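The structure appears below as structure tokens.
Small disclaimer: the values here were computed from a predicted structure and weren't measured. Here is the naming used below: chain letters follow the sequence lines, and residue numbers restart at 1 for every chain.
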Amino acid sequence: MLAISSGGGHWLEMLRVRPAFQGCEMIWATVHRGYAAQVEGDRFHVIPDATRWNKLKLIRLAFSVLILLIRLRPDVVFSAGAAPGYLALRMGKWFRARTIWLDSIANVEELSMSGQIVGRYADLWLTQWAHLSRPRGPEFRGAVL
Amino acid sequence: MIFVTVGGQTPFDRLVRAMDAWSGKHPRERVFAQIGETDHEPSHMEFVRFLPPGRYERRMENCDLVVSHAGTGVLLVAARVGVPVLMMPRSARLGETRNEHQAATCRHLAGRCGFRVALSDEDLPAMLDEARDTLSRPGVLPADQLVAAISGFLRGDGV
């Protein structure tokens with residue numbers, strides 16, 4: 001299972017649901033080497049940081065996520081955001097991975113941009129706010145806080 | 001001990017000033033602040049500008065109450081460590097952040113996980129006095145419902 005996100009809150013939210021991954025062979029990927037200590041014992045990869053505002057960095061990120069997927073061939077791809085997660089879920093589908101998107105709890109008023117467009121590539125598409133859930137997804141199934 | 005934190009990226013003058021003033025009036029309470037890029041240098045409380053992740057978490061573990069901006073990063077660490085939080089939202093109108101998402105966070109998260117809200121620096125002292133009297137450590141709170149949903153999906157239960 002590949003758990004991949006950008007830094008800060010997105011990363012912390014993935015750690016909050018870590019008990020769900022018990023028994024999975026975990027590979028974590030995020031943008032700072034410093035986070036490795038928090039998942040000691042599991043495999044860990046650093047990916048370049050990028051947002052949708054910088055196209056060149058985004059392409060570099062997409063390339064390294066693709067390499068990661070080719071090398072690891074994960075059965076499941078999980079992300080709590082943002083750009084790295086979107087790219088990993090979308091390209092993960094090329095490799096027939098099952099995909100989980102957990103939209104960040106910071107998105108209270110509306111789904112994140114990546115959370116909105118990732119919906120069609122997410123097998124489990126989650127928002128952390130009941131009032132943002134819709135009949136055709138995303139679903140509300142609890143929150144990290 | 002009270003741990004004040006405003007995050008690493010943007011200053012939060014109102015919160016730091018309010019806590020510095022409060023600290024001046026409560027010399028017996030130990031207050032430690034992480035103030036980031038804030039201009040105002042506190043004179044009544046200990047402070048640092050930044051804390052590396054490990055030391056940040058230790059500060060949280062060892063305090064009785066966190067007073068912070070309404071950033072989800074702070075709240076997530078506090079929930080993991082099990083410490084109560086009094087949060088004050090940054091205001092976009094005052095140029096403290098880009099939009100009013102922190103006010104929305106406060107509105108929706110008040111009351112959960114031992115979180116309380118002071119809407120402005122004027123409310124902060126009274127809310128803080130009340131929080132010190134009434135708040136207890138919520139204890140480490142697992143995200144049970146969400147964890148069950150995700151592990152259910154991984155096991156292939158009807159999703």
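- Between atom CD1 of residue A:Ile105 and atom OG1 of residue B:Thr105 there is a gap of 8.5 Å, rounded to the nearest 0.5 Å.
- There is no contact between A:Trp11 and chain B, counting heavy-atom distances below 4.5 Å.
- By the 6.0 Å contact criterion, NZ on A:Lys57 is open, its count of non-hydrogen atoms from other residues, nucleotides or ligands being 12 or less.
- Separating the CD1 atom in B:Ile150 from the CZ atom in A:Phe21 is a distance of 5.5 Å, to the nearest 0.5 Å.
- Among all heavy-atom pairs drawn from B:Cys113 and A:Leu145, the shortest one is SG-C, 3.7 Å.
- Most heavy-atom pairs under 4.5 Å with chain B, from the set A:Glu13, A:Gln38, A:Gln22: that is A:Glu13.
- When the side chains of ILVMFWY residues are joined at heavy-atom separations under 4.5 Å, either directly or via intervening members, A:Ile67 and A:Leu87 end up in two distinct hydrophobic clusters.
- Using a 4.5 Å cut-off between heavy atoms, B:Pro142 touches chain A through its backbone atoms (N, CA, C, O) alone.
- The distance from the CZ atom of B:Phe153 to the CG atom of A:Leu126 is 9.0 Å, given to the nearest 0.5 Å.
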Inset, instruction - Verify side-chain contact (heavy atoms from CB on, under 4.5 Å) between B:Asn99 and A:Glu109, making sure each step is shown before the conclusion. - result: CA-CA 11 Å; B:Asn99 53 43; A:Glu109 312 264 80; over 6 Å; no

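- The minimum heavy-atom distance between B:Arg112 and A:Ala143, with the atom names listed, is NH1-CB, 4.0 Å.
- A:Gly9 and B:Leu76 get closest at one heavy-atom pair: O-CD1, 3.8 Å.
- Linking ILVMFWY residues whenever their side-chain heavy atoms come closer than 4.5 Å, directly or via other members, places A:Leu89 and A:Leu66 in the same cluster.
- When A:Val144, A:Leu15, A:Asn107 are compared by the number of non-hydrogen pairs under 4.5 Å with chain B, A:Val144 comes out ahead.
- What you find for A:Arg98 and B:Leu154 is that their closest heavy atoms are NH1-O, 3.5 Å.
- Residue with the most contacts toward chain B among A:Ala106, A:Ala20, A:Pro19: A:Ala20 (heavy-atom pairs, distance under 4.5 Å).
- Hydrophobic clustering, with ILVMFWY side chains joined whenever heavy atoms are under 4.5 angstrom apart, groups A:Leu72 together with A:Ile70.
- Enclosure of atom CZ in B:Phe50 by more than 12 non-hydrogen atoms of other residues, nucleotides or ligands within 6.0 angstrom is indicated.
- Rounded to the nearest 0.5 angstrom, A:Arg16 CZ and B:Leu146 CG are separated by 9.5 Å.
- In this structure, the portion of A:Phe78 lying under 4.5 Å from any heavy atom of chain B is its side chain and not its backbone.
- A:Val76 touches chain B through its side chain: at least one heavy atom from C-beta onward sits under 4.5 Å away, while N, CA, C and O do not.
- Looking at B:Arg80, both its backbone and its side chain come within 4.5 Å of chain A, counting heavy atoms on both sides.
- With a 4.5 Å cut-off on non-hydrogen atoms, A:His10 does not touch chain B at all.
- With hydrophobic clusters built from ILVMFWY side chains whose heavy atoms lie under 4.5 angstrom apart, B:Leu15 does not share a cluster with B:Leu94.
- Contacts with chain A were tallied for B:Asp144, B:Val147, B:Leu109; B:Val147 has the most, counting heavy-atom pairs under 4.5 Å.
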Identify all side-chain donor-acceptor contacts of residues 39-48 of chain A below 3.5 Å with residues at least two apart in sequence or on another chain.
residue: A:Asp42; atom: OD2; partner: A:Arg18; partner atom: NH2; Å: 3.1
residue: A:Asp42; atom: OD2; partner: A:Trp28; partner atom: NE1; Å: 2.9
residue: A:Arg43; atom: NH1; partner: A:Glu25; partner atom: OE2; Å: 3.4

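- No single ILVMFWY cluster, assembled from side-chain heavy atoms under 4.5 Å apart, contains both A:Leu111 and A:Met113.
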